[in-house]
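Only one structure is covered here, and it is reproduced in the block below.
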Amino acid sequence: MNIGEKIDTLQSEIDQKRQEIRSDHYSTSIGEWISLYQQEEIEIHPEFQRFFRWSDYQKTKLIESILLGIPIPPIFVSQREDGIWDVVDGLQRLSTIYEFVGILKGEDGKQLPPLTLQKTEYLPSLTGKIWEDKEHPDGSIKGFTPAQRLLIKRAKIDVNILLKESDPFAKYELFQRLNTGG
């Protein structure tokens, strides 16, 4: 077998496997991510995902990053036959957002208490802040203002979608590659 034949074999393998993967991507606002969850159009804990591993400080740092306009890594999802998205990578980021706005449900399906933020280096006033704008008994405002909530809801996180037309094993393979640096 000469070099030309080896290249042709490799190219045919590449061409075949590329046909098995169909994907799309675009930017989605956090408000849209919230709506997807509330409408049950996204499944955040498929069978191969780790459920809620971040500390409250790590969660606070994500909210801080959103507020500061620091780009958030993309979310990877796989589209099921029924159109629902299964999260392949991004569970911790999405569950943090859902917990902060007070809509996250635990593995048992029960509503979890909203996340209370902690002090950070760049935004020390995040201490004790919550999503809802409620007055504390001591007279202080513990919640975000409407403008601060809109800032978060309008922030964008990219989504990469493995479309339902893809090979059925592509979702698991994508998860494995994302979580092993491949």
Side-chain angles (χ1 to χ4, degrees), residues 17-67 69-118 130-132 144 148-182:
K17 289 301 178 187
R18 285 182 66 91
Q19 290 176 14
E20 295 174 11
I21 308 264
R22 298 282 180 255
S23 65
D24 194 6
H25 67 276
Y26 46 86
S27 290
T28 303
S29 73
I30 289 177
E32 291 171 300
W33 286 110
I34 291 168
S35 178
L36 284 168
Y37 186 71
Q38 290 174 319
Q39 301 294 324
E40 298 181 356
E41 296 173 0
I42 189 169
E43 178 67 43
I44 64 167
H45 45 84
E47 62 280 355
F48 49 79
Q49 279 279 28
R50 299 178 309 265
F51 205 63
F52 318 134
R53 296 283 176 113
W54 280 3
S55 68
D56 285 351
Y57 184 72
Q58 288 172 302
K59 294 173 188 177
T60 298
K61 293 288 286 183
L62 176 68
I63 302 302
E64 176 191 50
S65 293
I66 294 167
L67 289 167
I70 296 170
I72 306 302
I75 305 294
F76 288 83
V77 300
S78 175
Q79 183 183 38
R80 299 189 320 215
E81 285 297 322
D82 62 4
I84 303 295
W85 286 354
D86 283 333
V87 175
V88 175
D89 186 67
L91 171 69
Q92 304 306 316
R93 283 167 273 153
L94 288 175
S95 62
T96 294
I97 291 165
Y98 298 149
E99 181 181 0
F100 181 60
V101 300
I103 61 171
L104 182 64
K105 294 178 182 168
E107 290 182 273
D108 59 3
K110 293 183 181 174
Q111 188 92 19
L112 297 176
L115 173 66
T116 300
L117 300 178
Q118 299 178 356
I130 57 174
W131 178 252
E132 292 296 326
F144 274 30
Q148 291 163 342
R149 287 195 303 271
L150 282 175
L151 178 65
I152 289 177
K153 288 169 77 175
R154 290 180 178 154
K156 302 230 181 216
I157 302 176
D158 289 342
V159 59
N160 288 298
I161 308 156
L162 191 61
L163 297 174
K164 65 183 177 188
E165 295 82 11
S166 297
D167 179 278
F169 297 104
K171 173 171 60 169
Y172 181 74
E173 182 66 23
L174 176 62
F175 176 78
Q176 291 300 321
R177 288 173 185 258
L178 288 169
N179 286 282
T180 60

Quick one: side chain to side chain contact (heavy atoms under 4.5 Å, CB included) partners of Glu99, sequence neighbours excluded?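 Residues passing side chain to side chain contact (heavy atoms under 4.5 Å, CB included) with Glu99: Lys59, Leu104, Leu115.
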Residue list, side chain to side chain contact (heavy atoms under 4.5 Å, CB included) with Thr116, at least two apart or on another chain: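 Residues passing side chain to side chain contact (heavy atoms under 4.5 Å, CB included) with Thr116: Ile130.
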Those residues that, when tested against Lys61, pass side-chain hydrogen bond (donor to acceptor under 3.5 Å, both in side chains) (two or more places apart): Glu64
Qualifying residue, where the test is side chain to side chain contact (heavy atoms under 4.5 Å, CB included) with Ile97 and the options are Ile103, Ile152, Ile30: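 Going through Ile103, Ile152, Ile30 one by one, the side chain to side chain contact (heavy atoms under 4.5 Å, CB included) with Ile97 is satisfied by Ile30 alone.
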Tyr26: which of Asn160, Val159, Asp158 passes side chain to side chain contact (heavy atoms under 4.5 Å, CB included): Val159
If you measure from [atom1] on [X] to [atom2] on [Y], what distance do you get to the nearest 0.5 Å?
X      : Y      : atom1 : atom2 : answer
Leu117 : Leu67  : CG    : CG    : 8.0 Å
Gln118 : Thr60  : CD    : OG1   : 4.5 Å
Glu41  : Glu32  : CD    : CD    : 11.0 Å
Ile66  : Arg154 : CD1   : CZ    : 15.5 Å
Asp89  : Ser78  : CG    : OG    : 13.0 Å
Leu151 : Arg149 : CG    : CZ    : 12.0 Å

Heavy atoms, side chains only, cut-off 4.5 Å: are Glu43 and Arg80 in contact? yes
Mind checking whether Leu94 and Ile75 have side chains closer than 4.5 Å, heavy atoms only?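 Yes. Closest side-chain heavy atoms under 4.5 Å.
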Donor-acceptor pair, [X] side chain versus [Y] backbone, under 3.5 Å?
X     : Y     : result
Arg93 : Pro74 : yes
Ser65 : Ile70 : no
Tyr98 : Trp33 : yes
Arg53 : Gln92 : no

Check the orientation of Phe100 and Trp131. Use parallel for under 30°, tilted for 30 to 60°, and perpendicular for over 60°.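 Rings of Phe100 and Trp131: perpendicular, over 60°.
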Step-by-step side-chain contact (heavy atoms from CB on, under 4.5 Å) determination, Val101 to Ile34: CA-CA 9 Å; Val101 300; Ile34 291 168; 4.0 Å; yes
Is atom CD of Gln111 surrounded by more than 12 heavy atoms (other residues, nucleotides or ligands) closer than 6.0 Å?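 Correct, the count exceeds 12.
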Restricting to non-hydrogen atoms, name the atom on Gly106 and the atom on Leu112 that form the minimum distance, rounded to 0.1 Å.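 Minimum heavy-atom separation between Gly106 and Leu112: N-CG, 3.7 Å.
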